[in-house]
Engineer: 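Could you have a look at this structure, given as structure tokens, before my questions?
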Amino acid sequence: MTVTPDRKLGSSAPVPRTVAPSWWKLSDEEKKRAMQVHVPQGVNFSAKYIAFDEDDDSEYDLNQVVYRAKKGGLLEVQHDMNALSQVSAEEWKDLFDRRSGRTVYPYGSGVWSKKEWVLPTIDDDDVVSTFEGNTNLLWAERFGKELGMTDLWVKQCGNSHSGSFKDLGMTVLVSQVKHMIRKGANISAVGCASTGDTSAALSAYCAAAGIPSIVFLPADKISVAQLVQPIANGSIVLSLDTDFDGCMKLVQQVTSEFPIYLANSMNSLRLEGQKTVAIEIAQQFDWQVPDWVVIPGGNLGNVYAFYKGFKMLQELGLVDRVPRLAVAQAHNANPLYRAYMSGWNTYSPVKAEKTLASAIQIGDPVSIKRAIRALKDTDGVVGEATEEELMDVAARADRTGMFNCPHTGVALAVLAKLRDQGLIKHDDRTVVISTAHGLKFTESKTLYHEGKLHQCRSLYANPVIRIPADMGRIVDALRSRSIL
Ligand SMILES: Cc1ncc(COP(=O)(O)O)c(C=O)c1O
Ligand SMILES: N[C@@H](CCOP(=O)(O)O)C(=O)O
């Protein structure tokens with residue numbers, strides 16, 4: 001494989017001899033011991049809920065069923081950063097590197113390899129993990145060249161258990177629910193509103209834990225692949241005659257009146273898992289952060305999760321800066337973009353119109369304030385993409401070996417615009433977050449290539465050539481595509 005210039009090793013560079021014993025020679029007991037962090041005496045890691053809004057002094061234990069602070073704002077999980085800083089940055093890096101990808105439960109998971117930074121006190125036995133995370137970060141060499149970029153990467157969060165980044169947050173939330181149920185909490189089921197990915201993750205993790213789940217879905221607004229996931233995992237699947245925002249209101253009402261635990265990213269436990277992808281990206285770059293991260297945004301929990309992950313790395317001394325964040329929205333569901341274009345002076349929810357990026361068809365994002373904080377504090381930007389732009393760029397990038405979902409298309413389209421504007425420079429190390437697997441969205445991708453999407457001209461369509469099983473016709477077909 002070719003390597004980007006700054007990752008090249010000189011051919012004469014001496015290869016350091018490893019002094020650590022080979023991992024495979026260790027006994028099971030030694031492997032388990034190697035997964036533990038050496039904590040200085042008297043230091044205890046802990047985390048609690050605090051209010052997101054600075055004028056609210058709410059604090060709650062993580063074992064409480066609570067989603068909002070006293071004044072009605074969102075919560076967030078606050079770690080004892082002083083305790084975490086008693087372990088050196090080098091030790092954290094070594095520990096995370098040692099754990100990631102191993103099979104020692106649950107530490108090999110991309111999320112649980114960072115357990116002390118996520119849910120420090122949960123018993124390993126309560127963790128419900130599918131060894132999520134550790135997704136590939138691919139160097140988009142050919143597509144980068146098309147945009148005049150030398151250092152473009154795509155983080156393939158959709159290469160995951162249920163096919164989207166939601167697994168990263170759901171493992172944490174369902175683990176905490178399992179823990180609370182074992183401690184006697186009155187929780188009869190876990191519920192979420194969804195545009196298809198949260199519901200898939202929730203149903204998979206609940207099924208793995210043996211906990212009932214209920215999903216509130218906007219009728220006829222999610223893909224078949226997404227719909228079949230909670231059906232197969234045994235969730236109670238409610239298909240409602242409303243949109244995602246309507247489902248979100250209803251699930252909040254139901255979970256406030258009944259012993260059903262809320263699993264949307266409004267629940268800050270989810271973000272603790274999702275933030276590990278930021279840490280993982282830095283880890284994959286040998287503990288360096290990129291210049292830019294481009295993230296498709298809908299309910300807007302994920303951009304804040306990225307912000308939290310990068311800030312934590314910086315505060316604990318593992319990196320010395322945070323990347324600039326760019327949120328990408330579909331033009332048809334763009335409340336954050338509108339607020340950004342107003343100079344952050346006004347914000348109002350919108351009625352989200354139909355978009356092929358159906359998982360981000362959200363007009364009233366729950367985490368709007370979180371997203372604005374993340375963007376303001378990282379000198380971030382927001383862009384938008386039309387239906388044609390998002391489908392064309394996804395198809396173009398697919399031709400370089402990817403297989404993009406439409407949401408990744410939104411991010412790629414915004415990346416292309418930021419390049420055109422010169423905001424992202426040719427050698428800026430840039431990571432685009434691919435949030436779901438393209439195979440969840442085969443209907444729209446197929447229609448695109450058949451030229452049947454009325455919103456687009458399908459400039460990069462690659463229609464199937466249907467011909468009789470005849471040598472002459474095959475040769476004609478290959479000639480028509482300039483192969484012969
Ligand atoms: C595939 C996909 N991409 C992007 C997003 C946006 O994430 P967030 O809601 O955290 O902004 C979602 C869900 O909303 C999603 O399912
Ligand atoms: N795209 C999401 C929408 C809900 O987001 P959440 O992160 O708040 O659960 C989905 O797949 O449901």
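Every number for a ligand or one of its atoms is a count from 1 in the order of the listing.
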Engineer: Under 3.5 Å, N or O to N or O, is Thr435 touching ligand 1 that way?
Structural biologist: yes
Engineer: Restricting to non-hydrogen atoms, name the atom on Leu313 and the atom on Ala278 that form the minimum distance, rounded to 0.1 Å.
Structural biologist: CD1-O, 4.1 Å
Engineer: Can you check salt bridge (charged side-chain N to carboxylate O under 4.0 Å, His left out) on Lys115 and Asp124, steps first, answer last?
Structural biologist: CA-CA 10 Å; Lys115 182 172 184 253; Asp124 290 352; 3.3 Å; yes
Engineer: Distance to 0.1 Å, residue and atom name: give those for the protein heavy atom nearest to atom 16 (O) of ligand 1.
Structural biologist: Asp197 OD2, 2.6 Å
Engineer: Closest heavy-atom contact between Gly363 and Asp245?
Structural biologist: N-OD2, 2.8 Å
Engineer: With nothing but distance in play, are any N or O atoms of Ala359 less than 3.5 Å from an N or O of ligand 2?
Structural biologist: yes
Engineer: Does any N or O of ligand 2 fall below 3.5 Å from an N or O anywhere on Ser199, backbone included?
Structural biologist: no
Engineer: Ignoring hydrogens, just give me the one of Ala200, Ala436, Ser265 whose non-hydrogen atom is nearest atom 6 (P) of ligand 2.
Structural biologist: Ser265
Engineer: Just need the protein heavy atom nearest to atom 8 (P) of ligand 1, so name the residue and atom and give the distance.
Structural biologist: Leu300 N, 3.4 Å
Engineer: Identify the two heavy atoms, one from Val432 and one from Ala411, that lie closest to each other, and give their separation to 0.1 Å.
Structural biologist: CG1-CB, 3.8 Å
Engineer: Please write down residue, atom name and distance for the protein heavy atom closest to atom 7 (O) of ligand 2.
Structural biologist: Arg270 NH2, 2.7 Å
Engineer: Going by the order shown, which atoms of ligand 1 are within less than 4.0 Å of some heavy atom of Pro296?
Structural biologist: 4 (C), 6 (C)
Engineer: Out of curiosity, is Ser265 lining ligand 1, as in a heavy atom under 4.0 Å away?
Structural biologist: no
Engineer: Are any of the N/O atoms in Gly301 less than 3.5 Å from those in ligand 1?
Structural biologist: yes
Engineer: Select one of side chain, backbone, both or neither to describe which atoms of Ile360 lie under 4.0 Å from any atom of ligand 1, heavy atoms only.
Structural biologist: side chain
Engineer: So for Gly298, does at least one of its heavy atoms come nearer than 4.0 angstrom to any atom of ligand 2?
Structural biologist: no
Engineer: For ligand 1, is there an N or O atom under 3.5 Å from any N or O atom of Asn302?
Structural biologist: yes
Engineer: Please work out, at 4.0 Å between heavy atoms, whether the side chain, the backbone, both, or neither of Asn299 comes within that distance of ligand 2.
Structural biologist: side chain
Engineer: Can you pull out the closest protein heavy atom to atom 10 (C) of ligand 2? Residue, atom name and distance to 0.1 Å, please.
Structural biologist: Thr195 OG1, 3.0 Å
Engineer: Taking both backbone and side-chain atoms of Gln274, is any N or O found less than 3.5 Å from an N or O belonging to ligand 2?
Structural biologist: no
Engineer: Tell me the protein heavy atom at minimum distance from atom 12 (O) of ligand 2, and give that distance in Å.
Structural biologist: Ser194 OG, 2.5 Å
Engineer: Could you find the nearest protein heavy atom to atom 7 (O) of ligand 1 and give me its residue, atom name and distance?
Structural biologist: Phe165 CZ, 3.5 Å
Engineer: Taking the six-membered ring for Trp, are the ring centroids of Phe310 and Trp292 within less than 6.0 Å of each other?
Structural biologist: no
Engineer: Note the single closest protein heavy atom to atom 5 (O) of ligand 2, along with its residue, its atom name and the distance in Å.
Structural biologist: Lys166 NZ, 3.3 Å
Engineer: Which label fits Trp287 and Phe96: parallel for a plane angle under 30°, tilted from 30 to 60°, or perpendicular past 60°?
Structural biologist: tilted
Engineer: Are any of the heavy atoms in Lys166 under 4.0 Å away from ligand 1?
Structural biologist: yes
Engineer: Is it the side chain, the backbone, both or neither of Asn299 that has a heavy atom closer than 4.0 Å to ligand 1?
Structural biologist: both
Engineer: Taking the six-membered ring for Trp and the full ring for Phe, Tyr or His, determine whether the centres of Tyr448 and Phe441 are under 6.0 Å apart.
Structural biologist: no
